[in-house]
Asker: 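Input: one structure, supplied below.
Being a predicted model, the structure only gives us computed values, none of them experimental. Residue numbers start from 1 in every chain, and the chains themselves are labelled A, B, ... in the order their sequence lines are given, proteins ahead of strands.
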Amino acid sequence: MSYDHKSIELKWQERWEAEKVFQVTEDASKPKFYNVCMYPYPSGAIHQGHVRNYTYGDLLTRYKTMQGFNVLSPMGWDSFGLPAENAAIDSGIHPKINTENQISTMSTQIKQLGSMYDWNREFASHQPDFYRWDQWLFLELYERGLAYKAEAPVNWCPKDQTVLANEQVIDGLCERCDTPVVKKNLAQWFFKITDYADRLLDDIDKLEHWPDRVRTMQRNWIGRSEGAAFTINVDGNGSFDVFTTRPDTVFGMTFCVLAPEHPLVESLIAGSETETEAREYIAASQRQSDIERMAEGDKTGVFTGAFATNPANGIKVPIYIAGYVLMGYGTGAIMAVPGQDQRDWEFATKYEIEIIRTVQPPDEWDGEAYLDDGPTINSDFLDGLNQIEAKRRIIDWMDEEGIGEATIQYRLRDWLISRQRYWGSPIPMVNCETCGLAPVPREELPVLLPFIDDYVPEGKSPLAADDDFVNTTCPSCDEPATRETDTMDTFVDSSWYYFRYADPHNGEAIFDPAKPAYWMPIDQYIGGIEHAVLHLLYARFITKVLFDMGLSTVEEPFTRLFTQGMITLDGAKMSKSKGNVVDPVDLFASHGADSLRLFHLFMGPPTDDAAWNPNGVDGTRRFLERVWKLGWGEVAFVDREESDVDREILGTAHRTVRKVTDDIERFHFNTAIPALMILANKLSDYAADEPRQETYDEAIRLMLLLLSPMAPHIAHELWEMRGYDTMLALEPWPTWDEQLVLEETVTMIVQVNGKVRARVEVATGITAAEAEEHALGLEKIRGWIDGHEVRKVIVRQPNLVNIVIG
RNA sequence: GCCGGGAUGGCGGAACGGUAGACGCGGCGGACUCAAAAUCCGCUGGGCGAAAGCUCGUGUGGGUUCGAGUCCCACUCCCGGUACCA
């Protein structure tokens with residue numbers, strides 16, 4: 001009987017669903033395990049990145065279920081967002097219709113993978129039942145002072161008359177029409193995540209099961225730095241504030257730099273000698289994104305013609321504008337101290353500005369800016385102090401003089417949630433001429449996103465052009481008023497969706513707090529490394545807000561985080577736009593979901609990027625054919641007593657149980673598969689040479705249990721064929737027998753001066769003295785050491801002896 | 001630019017500071033076959049050698065150590081993020 005993956009996979013997918021194997025409810029009698037893969041954007045077809053993600057997630061769902069946990073593994077859709085709107089503009093299909101078609105296709109494909117979810121809990125963020133609670137949450141934040149409106153720049157395409165996402169701006173041009181993009185200020189909504197900066201920073205320490213690199217990235221993103229803010233007077237008129245982490249170096253300030261957008265710039269350049277040059281520079285930098293500006297190799301800038309007075313010593317220094325100072329960080333202005341800052345050094349060198357060191361570098365120093373500690377010099381009353389003392393002294397002095405103070409600055413900015421787009425959750429606010437901004441009453445939620453036929457932007461977003469949507473009455477005075485027409489960033493949806501899974505159909509509240517009280521926190525969260533900062537930080541923030549509201553029992557949503565690498569082909573990320581996709585659906589048909597799952601588990605460390613090998617699935621398919629033959633094929637058993645051969649094969653099986661269990665716990669799936677391959681190969685040899693039925697059956701039983709979370713369909717089919725009448729998915733995970741896994745002998749290597757010169761089989765229990773004596777007595781080794789002085793012998797029994805000779 | 005990560009055979013990768021290259025892909029040779037496919041068996045980092053074996057070898061250059069792919073320092077290149085892709 002051949003291995004017919006199609007019928008087997010369909011059969012078991014239907015069985016699992018019919019028998020509700022993976023549908024769960026709160027059950028206080030069992031330990032819970034909440035397992036979530038980041039919900040996908042419904043792009044229309046699953047790709048290898050999804051397969052990788054869901055294979056890992058499903059492996060864990062099944063493994064933890066077998067270990068006796070009450071496992072919740074839900075699935076939903078991150079279905080608002082830019083791509084649906086772009087597709088609509090290009091193809092004319094309405095985002096709602098397009099999105100729902102794509103959800104339908106993708107859920108069918110996910111089911112074909114054999115990845116099991118509690119589909120009763122499925123939702124999509126574009127559904128009013130869901131985004132209603134986005135709006136409710138917005139109102140809660142608004143009332144708590146955590147949502148506010150402020151001016152912020154957007155990318156504006158003057159030809160298309162629309163706002164562009166950063167990724168739609170290519171080299172300063174609109175990706176659609178190549179028109180130069182300009183910055184335009186709009187009043188937009190923000191969430192005040194900076195209020196939570198310290199809590200978000202401090203609690204990173206609690207995330208002990210997160211990858212270190214993600215924790216580091218989040219710490220750096222929040223970017224708390226302690227320093228001082230002080231005022232610098234402009235020679236002539238006006239003043240500006242600067243923030244610095246190095247107030248101790250203020251005597252070394254030889255110039256100042258303002259961001260091109262700094263409000264003072266206009267008055268400084270007006271009428272100056274460099275006015276024309278400065279205006280050109282400002283216009284040029286406005287066409288650049290922050291990234292482009294910072295990425296410029298050499299530091300550029302323009303002298304404003306104005307001078308500032310160093311408050312510490314009264315010396316006048318030139319004021320420049322330069323792109324390397326960003327308006328969005330600190331005060332948008334810096335004191336430049338080239339002696340102690342490398343960027344300032346490069347700028348000063350380029351524009352021939354004086355450099356004064358205020359920290360004495362070591363004698364052997366041959367670098368440029370010196371950033372480390374040392375005695376302060378050239379700094380009047382700070383001379384001789386170390387940096388900590390100097391900082392304290394200068395801040396005290398600024399305090400006394402009334403020009404500055406100690407300040408804590410964060411790199412983190414408030415979260416801009418406004419999008420001038422159609423396909424998102426409407427922000428539930430109303431503008432009234434009399435009453436000003438008014439929140440939509442909660443009982444009127446959701447503010448429904450209207451079904452608009454003409455969503456091509458023409459100067460304003462489609463929502464703003466829809467009079468029926470815009471025109472309303474003021475909730476407080478009942479006079480005519482207009483609705484807010486911005487929609488929310490889709491990161492708002494993804495910052496709380498995992499709470500909704502606990503109570504997905506609740507029509508009365510965002511959720512009944514008792515439900516997530518059982519399931520939260522998420523025990524395992526799995527997704528791409530590209531979400532290391534934004535999504536994960538926003539989710540942590542909203543969880544803390546929900547905690548403060550009394551709706552969450554936890555302050556951190558994700559106990560364990562696993563970030564997987566990308567799938568690449570020919571050195572590039574697999575993507576439709578690059579035309580290098582390998583469609584998983586084709587492989588379901590040709591090789592089967594089990595073979596594809598195994599290949600994803602096998603292809604490399606889950607954290608790393610993995611290169612797609614077109615022939616790789618052939619290998620795992622071949623392995624499953626071998627498993628099939630072992631489970632189903634004819635074996636000529638011999639009726640005999642148990643022998644060393646049987647004990648050895650059982651030992652291999654039990655060592656495989658130990659290895660696979662350890663590897664799953666460590667997320668080293670790529671080494672668990674080879675362990676199973678080795679077991680299958682040994683079992684093939686065993687089956688060909690006078691096998692004993694009891695031994696064989698037991699080894700196969702263990703193999704199928706281990707294979708069950710990885711290649712579930714074939715494992716279940718063979719389990720049933722071999723006469724077990726239980727549902728394999730609900731069988732207990734196997735344990736290993738400590739006696740059986742012991743090995744009697746081991747290969748000991750003998751080195752001379754660190755080079756391997758002999759290998760010998762020794763008893764596992766060999767003592768250090770025995771190992772040394774044995775090694776020194778070997779004929780091969782004598783040839784290397786005779787005539788030399790043995791200086792030292794390092795023994796790591798039973799694995800290694802290293803003989804150091806003179 | 002800044003933050004984070006990575007680099008090991010022809011390819012994906014394995015390797016508690018202790019046998020570098022497990023396992024798989026590909027390739028070569030053989031068995032089976034009229035033939036092919038499938039399957040099975042063997043070989044497969046470079047150099048030298050008839051062989052035993054020796055020697056070089058984990059991006060580059062240094063260092064620590066009895067011993068370094070692994071730890072430290074300095075580089076190179078590639079990838080992720082960089083706040084409106086999600």
Side-chain angles (χ1 to χ4, degrees), chain A residues 38 40-41 43 78 80-83 86 154-155 163-169 188 193 211-221 223 289-299 323-324 328 343 411-421 489-491 494 527-535 537-538 563 565-566 568 571-573 599 602-605 607-620 622-623 625-626 629 668 670-671 673-678 681 684 747-756 758-759 791-794 796 799-805:
Chain A
M38 290 178 187
Y41 176 79
S43 55
D78 183 14
F80 271 140
L82 187 61
N86 285 340
V154 294
N155 302 311
V163 174
L164 299 177
N166 288 337
E167 69 160 10
Q168 296 177 297
V169 182
Q188 307 194 70
I193 191 172
D212 284 340
R213 61 166 157 162
V214 177
R215 301 201 302 168
T216 305
M217 280 189 258
Q218 292 220 347
R219 272 192 203 100
N220 292 338
W221 186 263
S289 68
D290 284 358
I291 295 173
E292 288 168 332
R293 232 190 258 183
M294 298 298 285
E296 281 203 342
D298 53 324
K299 302 282 170 285
Y324 77 97
R343 286 172 305 181
R411 212 188 71 94
L412 179 69
R413 307 202 297 259
D414 276 338
W415 175 11
L416 196 169
I417 63 146
S418 278
R419 299 291 181 268
Q420 293 73 37
R421 299 189 194 287
D489 180 7
T490 55
F491 278 131
S494 58
I529 184 64
E530 65 273 19
H531 294 292
V533 178
L534 294 181
H535 161 57
L537 192 67
Y538 294 145
T563 51
M566 294 183 313
T568 59
K573 181 178 175 169
F599 180 57
F602 180 65
M603 66 195 287
T607 45
D608 292 4
D609 288 351
W612 182 260
N613 179 341
N615 299 309
V617 194
D618 292 340
T620 47
R622 227 168 267 160
F623 165 63
E625 296 274 5
R626 180 169 277 207
K629 208 182 283 179
H668 285 200
N670 57 317
T671 51
I673 307 295
L676 285 163
M677 287 176 167
I678 290 166
N681 291 344
S684 296
T747 305
M748 182 172 83
I749 60 165
V750 183
Q751 299 179 327
V752 177
N753 283 353
K755 294 193 189 245
V756 180
R759 293 151 219 260
R791 289 188 182 162
K792 200 196 255 186
V793 180
I794 286 129
R796 296 281 180 277
N799 298 310
L800 171 137
V801 174
N802 184 15
I803 300 157
V804 184
I805 61 174

Asker: Can you check the A:D212 CG to B:rG5 P distance for me, whole Å?
Answerer: 9 Å

Asker: Counting any heavy atom closer than 4.0 Å, what does A:R213 reach on the DNA or RNA strands: base, sugar-phosphate only, or nothing?
Answerer: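 Touches sugar-phosphate only.
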
Asker: Considering only side-chain heavy atoms of A:V804, which listed nucleotide, B:rC66, B:rC84, B:rG18, is closest?
Answerer: B:rC66

Asker: Hey, does A:E625 reach any base, or is it just sugar-phosphate, or nothing, if we go heavy atoms under 4.0 Å?
Answerer: nothing

Asker: May I ask you to say what A:N86 touches in the nucleic acid, namely base, sugar-phosphate or nothing, with a heavy-atom cut-off under 4.0 Å?
Answerer: nothing

Asker: From the set B:rC40, B:rC3, B:rA14, return the single nucleotide nearest to any side-chain atom of A:N670.
Answerer: B:rA14

Asker: A:N802 side chain to A:V793 main-chain N or O, any donor-acceptor pair under 3.5 Å?
Answerer: no

Asker: Can you tell me how far P of B:rC11 sits from CZ of A:F602, to the nearest Å?
Answerer: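 That distance rounds to 16 Å.
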
Asker: Roughly how far apart are A:K792 NZ and A:N753 CG, rounded to 0.5 Å?
Answerer: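 Result: 11.5 Å between the selected atoms.
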
Asker: Touch check for A:G81, heavy atoms < 4.0 angstrom, all strands: base, sugar-phosphate only, or nothing?
Answerer: sugar-phosphate

Asker: Identify the nucleotide, in any strand shown, that forms a Watson-Crick or G-U wobble pair with B:rG9, with both distances under 3.5 Å; if there is none, say none.
Answerer: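 Its partner is none (no Watson-Crick or G-U wobble pair with both distances under 3.5 Å).
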
Asker: Is A:V154 touching bases, backbone alone, or none of the nucleic acid, heavy atoms closer than 4.0 Å?
Answerer: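 If one applies the 4.0 Å heavy-atom cut-off, A:V154 turns out to touch a base.
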
Asker: Phosphate oxygens OP1/OP2 of B:rG4: is one of them under 4.0 Å from a side-chain N or O of A:N220?
Answerer: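 For A:N220, the contact criterion (side-chain N or O under 4.0 Å from OP1 or OP2 of B:rG4) is met.
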
Asker: Under a 3.5 Å cut-off for both distances, is B:rC84 Watson-Crick or wobble paired, and to whom?
Answerer: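 Pairing partner, where one exists within any strand: none, as none qualifies.
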
Asker: Taking OP1 and OP2 of B:rU39, is either one under 4.0 Å from a side-chain nitrogen or oxygen of A:R622?
Answerer: yes

Asker: Base, sugar-phosphate or nothing for A:F599? Non-hydrogen atoms, less than 4.0 Å.
Answerer: nothing

Asker: For A:P605, answer base if it contacts any base atom (sugar-phosphate contacts may also be present), sugar-phosphate if it contacts only those atoms, and nothing otherwise; contact means non-hydrogen atoms under 4.0 Å.
Answerer: sugar-phosphate

Asker: Measure distances between side-chain N and O atoms of A:Q420 and base N and O atoms of B:rC84, and say whether any donor-acceptor pair falls under 3.5 Å.
Answerer: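 Result: at least one qualifying N/O pair found.
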
Asker: A:R759 side chain: which of B:rU19, B:rC66, B:rA14 is closest?
Answerer: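 Nearest to the side chain of A:R759 among the choices is B:rU19.
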
Asker: Specify the separation, in whole Å, of atom CG of A:L800 and atom C1' of B:rU19.
Answerer: 9 Å

Asker: Quantified in whole Å, what is the C1' atom distance between nucleotide B:rU58 and nucleotide B:rU8?
Answerer: 4 Å

Asker: Could you work out which one of B:rG4, B:rA20, B:rC85 sits closest to the side chain of A:V756?
Answerer: B:rA20

Asker: For A:S418, answer base if it contacts any base atom (sugar-phosphate contacts may also be present), sugar-phosphate if it contacts only those atoms, and nothing otherwise; contact means non-hydrogen atoms under 4.0 Å.
Answerer: base

Asker: Any side-chain to backbone donor/acceptor pair from A:D609 onto A:G565? Under 3.5 Å, distance only.
Answerer: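 Pair absent, no side-chain N/O of A:D609 close to backbone of A:G565.
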
Asker: Pairing check on B:rA51: which nucleotide meets the Watson-Crick or G-U wobble criteria with it, both distances under 3.5 Å?
Answerer: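 Result: none.
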
Asker: Any side-chain donor-acceptor pair under 3.5 Å between A:N681 and A:R626?
Answerer: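 A:N681 vs A:R626: donor-acceptor pair found between side chains.
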
Asker: Answer yes or no: is there a side-chain heavy-atom contact under 4.5 Å between A:R419 and A:Q188?
Answerer: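 When only atoms from C-beta onward are counted, A:Q188 and A:R419 do not touch, as no gap falls below 4.5 Å.
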
Asker: Just call it for A:R411: base, sugar-phosphate, or nothing, with non-hydrogen atoms closer than 4.0 Å on any strand.
Answerer: base

Asker: Please examine the side chains of A:V617 and A:F599, heavy atoms only from C-beta on, and report whether any two atoms are closer than 4.5 Å.
Answerer: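 Counting from C-beta outward, A:F599 and A:V617 do come under 4.5 Å.
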
Asker: Go nucleotide by nucleotide along RNA chain B from the 5' end; which of A:V533 and A:F80 gets its closest nucleotide reached first?
Answerer: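 Nearest nucleotide further toward 5': that of A:V533.
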
Asker: Between B:rC79, B:rU19, B:rG12, spot the one nearest the side chain of A:A611, thanks.
Answerer: B:rG12

Asker: Could you tell me whether A:L412 contacts a base, only the sugar-phosphate backbone, or nothing, with contacts defined as non-hydrogen atoms closer than 4.0 Å?
Answerer: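 Result for A:L412 = base.
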
Asker: Any side-chain N or O of A:R796 below 4.0 angstrom from OP1/OP2 of B:rG18?
Answerer: no

Asker: Looking only at atom types and distance, does a side-chain atom of A:Q168 sit under 3.5 Å from a main-chain N or O of A:A165, one as donor and one as acceptor?
Answerer: yes

Asker: Determine the Euclidean distance between corresponding P atoms of B:rC54 and B:rA20; express it in Å to zero decimal places.
Answerer: 12 Å

Asker: Under 4.0 Å: is that the gap between some side-chain N or O of A:R626 and OP1 or OP2 of B:rC40?
Answerer: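 The answer is yes; a side-chain N or O of A:R626 sits under 4.0 Å from OP1 or OP2.
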
Asker: Looking only at N and O atoms, is any donor in the side chain of A:R421 or the base of B:rC84 less than 3.5 Å from an acceptor on the other one?
Answerer: yes

Asker: Tell me which nucleotide, if any, is Watson-Crick or G-U wobble paired with B:rC40 when both distances must be under 3.5 Å.
Answerer: B:rG30

Asker: Quick one: are A:V752 and A:I805 in side-chain contact, heavy atoms under 4.5 Å?
Answerer: yes

Asker: In terms of the nearest nucleotide of RNA chain B, which residue is placed more toward the 5' end: A:I678 or A:V214?
Answerer: A:V214

Asker: Would you say the side chain of A:N802 and the base of B:rC66 hold a donor-acceptor pair, judged only by whether the two atoms sit under 3.5 Å apart?
Answerer: yes

Asker: Between B:rU65 and B:rA15, how far is it from one P atom to the other, in whole Å?
Answerer: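 Each nucleotide's P atom is 28 Å from the other's.
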
Asker: Can you tell me the distance, in whole Å, between the CZ atom of A:F491 and the C1' atom of B:rG81?
Answerer: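 Going from CZ in A:F491 over to C1' in B:rG81 covers 11 Å.
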
Asker: Starting the side chain at C-beta, find the nucleotide from B:rG4, B:rC84, B:rG24 nearest to A:M677.
Answerer: B:rG24

Asker: Can you check the distance between B:rC56 and B:rG42, where both ends of the measurement are the C1' atom (answer in whole Å)?
Answerer: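 One C1' to the other, the span is 27 Å.
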
Asker: Once you apply a heavy-atom cut-off of 4.0 Å, does A:H535 come out as touching a base, just sugar-phosphate, or nothing?
Answerer: nothing

Asker: Rounded to the nearest Å, what distance is computed from the CG atom of residue A:D489 to the C1' atom of nucleotide B:rC85?
Answerer: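 A:D489 atom CG is separated from B:rC85 atom C1' by 11 Å.
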
Asker: Would you mind reading off the distance between A:E167 atom CD and B:rC84 atom P, rounded to a whole angstrom?
Answerer: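 Computing the A:E167:CD to B:rC84:P distance gives 12 Å.
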
Asker: Is A:N615 near enough to B:rG24 that one of its side-chain N or O atoms lies under 4.0 angstrom from OP1 or OP2?
Answerer: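 Looking at the OP1 and OP2 atoms of B:rG24, neither is under 4.0 Å from any side-chain N or O of A:N615.
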
Asker: Does a side-chain N or O of A:K755 approach OP1 or OP2 of B:rC56 to a distance below 4.0 Å, or not?
Answerer: yes

Asker: So what does A:W221 touch, heavy atoms closer than 4.0 Å: a base, only the sugar-phosphate, or nothing?
Answerer: base

Asker: Distance from A:L82 atom CG to A:D489 atom CG, nearest 0.5 Å?
Answerer: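 Rounded to the nearest 0.5 Å, the CG-CG separation comes to 11.0 Å.
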
Asker: Starting at CG of A:N753 and ending at C1' of B:rG18, how long is that distance when rounded to a whole Å?
Answerer: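 Checked: the CG to C1' distance equals 15 Å.
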
Asker: From the options B:rC79, B:rC84, B:rG81, select the nucleotide whose nearest atom is closest to the side chain of A:N155.
Answerer: B:rC84

Asker: Between B:rG10 and B:rU64, how far is it from one C1' atom to the other, in whole Å?
Answerer: 35 Å

Asker: Under 4.0 Å, heavy atoms only, any strand: does A:Q218 hit a base, just the sugar-phosphate, or nothing?
Answerer: nothing

Asker: Taking B:rA14 as the reference, what is the distance to B:rC32 when you measure between their C1' atoms (whole Å, please)?
Answerer: 34 Å

Asker: Can you measure A:R215 atom CZ to B:rG81 atom C1' for me and round it to whole angstrom units?
Answerer: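 Atom-to-atom, A:R215 to B:rG81, this comes out as 19 Å.
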
Asker: Syn if the chi torsion is within 90° of 0, anti otherwise; quick check, which is B:rG9?
Answerer: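 B:rG9: syn.
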
Asker: Would you state whether a donor and an acceptor, one from the side chain of A:Q188 and one from the base of B:rC84, lie under 3.5 Å apart?
Answerer: yes

Asker: Report the base-pairing partner of B:rG18 (Watson-Crick or G-U wobble, both distances below 3.5 angstrom), or none.
Answerer: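 Pair assignment: B:rG18 / B:rC66.
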
Asker: Is there a donor-acceptor contact under 3.5 Å from the side chain of A:N670 to the main chain of A:M603?
Answerer: no

Asker: Check every strand shown and say whether A:L82 touches a base, only sugar-phosphate, or nothing at a heavy-atom separation below 4.0 Å.
Answerer: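 Counting heavy atoms under 4.0 Å across all strands, the contact made by A:L82 is with sugar-phosphate only.
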
Asker: Mind checking who B:rC75 pairs with, Watson-Crick or G-U wobble, both distances under 3.5 Å?
Answerer: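 Across all strands, the one nucleotide that pairs with B:rC75 is B:rG59.
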
